[in-house]
Amino acid sequence: MIKTNSTHHIALSKALIQLETDMYQDGIWPNEEPSEQDLNNAMESAVPFAVDCLAFESWLAFIFIPKMRVLLTQEMPLPPMQIAPAAEIYLSSGHQRTLSQLQVIDNIANGDID
């Protein structure tokens, strides 16, 4: 895990805002929030990215982004991430903005920021 570092936290906070923007621009931000039961099932899922319970885009929008914001608010260490490779599987190549931004987020979480 990357130790708490304000530079990384600031970079991740900005990257999450950009991810939301990119998901909207790519047309993949979910139109509606999953039910509370679907979210609970996803939180308990043993399948990576809870794709057995939610679409990958819904996982990003309603689980990943909110959890990362809690982590940032609580100034917790950033866990290492490898989300971009999964995104390449679950999202089409037409969603390049989102795919690129997820790589940026992986890089920040793994300590590789410019």
Side-chain angles (χ1 to χ4, degrees):
M1 284 196 185
I2 302 298
K3 292 184 91 174
T4 302
N5 176 323
S6 61
T7 302
H8 287 83
H9 282 77
I10 291 167
L12 182 59
S13 180
K14 290 178 181 178
L16 292 171
I17 292 167
Q18 187 61 50
L19 176 60
E20 280 190 52
T21 300
D22 292 340
M23 288 176 69
Y24 276 107
Q25 289 177 345
D26 282 346
I28 60 170
W29 188 267
N31 291 327
E32 54 186 66
E33 190 169 342
S35 70
E36 188 173 330
Q37 183 63 47
D38 287 343
L39 286 173
N40 288 338
N41 290 342
M43 295 295 281
E44 295 174 8
S45 175
V47 175
F49 312 105
V51 295
D52 60 331
C53 302
L54 297 175
F56 185 77
E57 307 87 79
S58 291
W59 177 83
L60 285 171
F62 301 112
I63 294 181
F64 175 71
I65 292 172
K67 284 184 104 178
M68 289 297 101
R69 288 197 170 130
V70 167
L71 183 144
L72 291 170
T73 300
Q74 295 177 354
E75 298 181 358
M76 296 177 67
L78 303 181
M81 294 183 219
Q82 290 295 317
I83 298 171
E88 290 175 4
I89 294 168
Y90 296 113
L91 301 177
S92 78
S93 60
H95 303 122
Q96 197 55 51
R97 285 182 281 257
T98 300
L99 292 168
S100 294
Q101 191 59 25
L102 286 168
Q103 185 61 62
V104 168
I105 289 170
D106 282 352
N107 292 347
I108 293 166
N110 296 320
D112 182 20
I113 61 172
D114 297 325

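Of all the heavy atoms in G111 and H8, the pair that sits closest is CA-NE2, 3.5 Å. Looking at every heavy atom in both residues, L16 comes nearest to M68 through CD1-CB, 3.5 Å. For the pair L60 and P66, the tightest heavy-atom approach, listed with the atom from each and the gap, is O-CD, 4.3 Å.
Proximity of V51 to W59: side-chain heavy atoms (C-beta onward) are nowhere separated by under 4.5 Å. In this structure, P30 and L54 have side chains that are not in contact, with every pair of non-hydrogen atoms separated by 4.5 Å or more. Between D38 and F62, the closest side-chain pair of non-hydrogen atoms is not below 4.5 Å.
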Output side-chain donor-acceptor pairs under 3.5 Å for residues 39-46, partner residues at least two apart or in another chain, one line each.
{"unit_1": "N40", "atom_1": "ND2", "unit_2": "E36", "atom_2": "O", "d": "3.3"}
{"unit_1": "N41", "atom_1": "OD1", "unit_2": "Q37", "atom_2": "NE2", "d": "2.9"}
{"unit_1": "N41", "atom_1": "ND2", "unit_2": "Q37", "atom_2": "O", "d": "3.4"}
{"unit_1": "S45", "atom_1": "OG", "unit_2": "V47", "atom_2": "N", "d": "3.0"}
{"unit_1": "S45", "atom_1": "OG", "unit_2": "D52", "atom_2": "OD1", "d": "2.6"}
{"unit_1": "S45", "atom_1": "OG", "unit_2": "D52", "atom_2": "OD2", "d": "3.3"}

Could you tabulate the donor-acceptor pairs under 3.5 Å formed by side-chain atoms of residues 84-92, not counting sequence neighbours?
{"unit_1": "S92", "atom_1": "OG", "unit_2": "G94", "atom_2": "N", "d": "3.3"}
{"unit_1": "S92", "atom_1": "OG", "unit_2": "H95", "atom_2": "ND1", "d": "3.2"}

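Taken to the nearest 0.5 Å, the CG atom of L72 stands 4.5 Å off from the CG atom of L12. From S100, atom OG reaches atom CG of L19 across 11.0 Å, with rounding to the nearest 0.5 Å.
When hydrophobic clusters are built by joining Ile, Leu, Val, Met, Phe, Trp and Tyr residues whose side-chain heavy atoms come closer than 4.5 Å, directly or via intermediates, L99 is not grouped with I17.
Side chain of S13 to main chain of H9: no donor-acceptor pair is present (N/O by atom type, distance under 3.5 Å, no hydrogens or angles). Put simply, the side chain of Q82 never gets that close to the backbone of D106: no donor and acceptor are under 3.5 Å apart.
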*Let me see the working for T98 and D22 under side chain to side chain donor-acceptor pair (under 3.5 Å), right down to the final yes or no.*
CA-CA 5 Å; T98 300; D22 292 340; 5.8 Å; no

*Check the pair E75 / R69 against salt bridge (Lys or Arg N to Asp or Glu O under 4.0 Å), numbers first and verdict last.*
CA-CA 10 Å; E75 298 181 358; R69 288 197 170 130; over 6 Å; no

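Listed by first then second residue, pairs satisfying ring pair (Phe, Tyr, Trp, His ring centres under 6.0 Å) with a partner in residues 21-43 read Y24-W29, not counting sequence neighbours.
A side-chain contact (heavy atoms from CB on, under 4.5 Å) with R97 holds for exactly one of Q25, M23, Q18; it is Q25.
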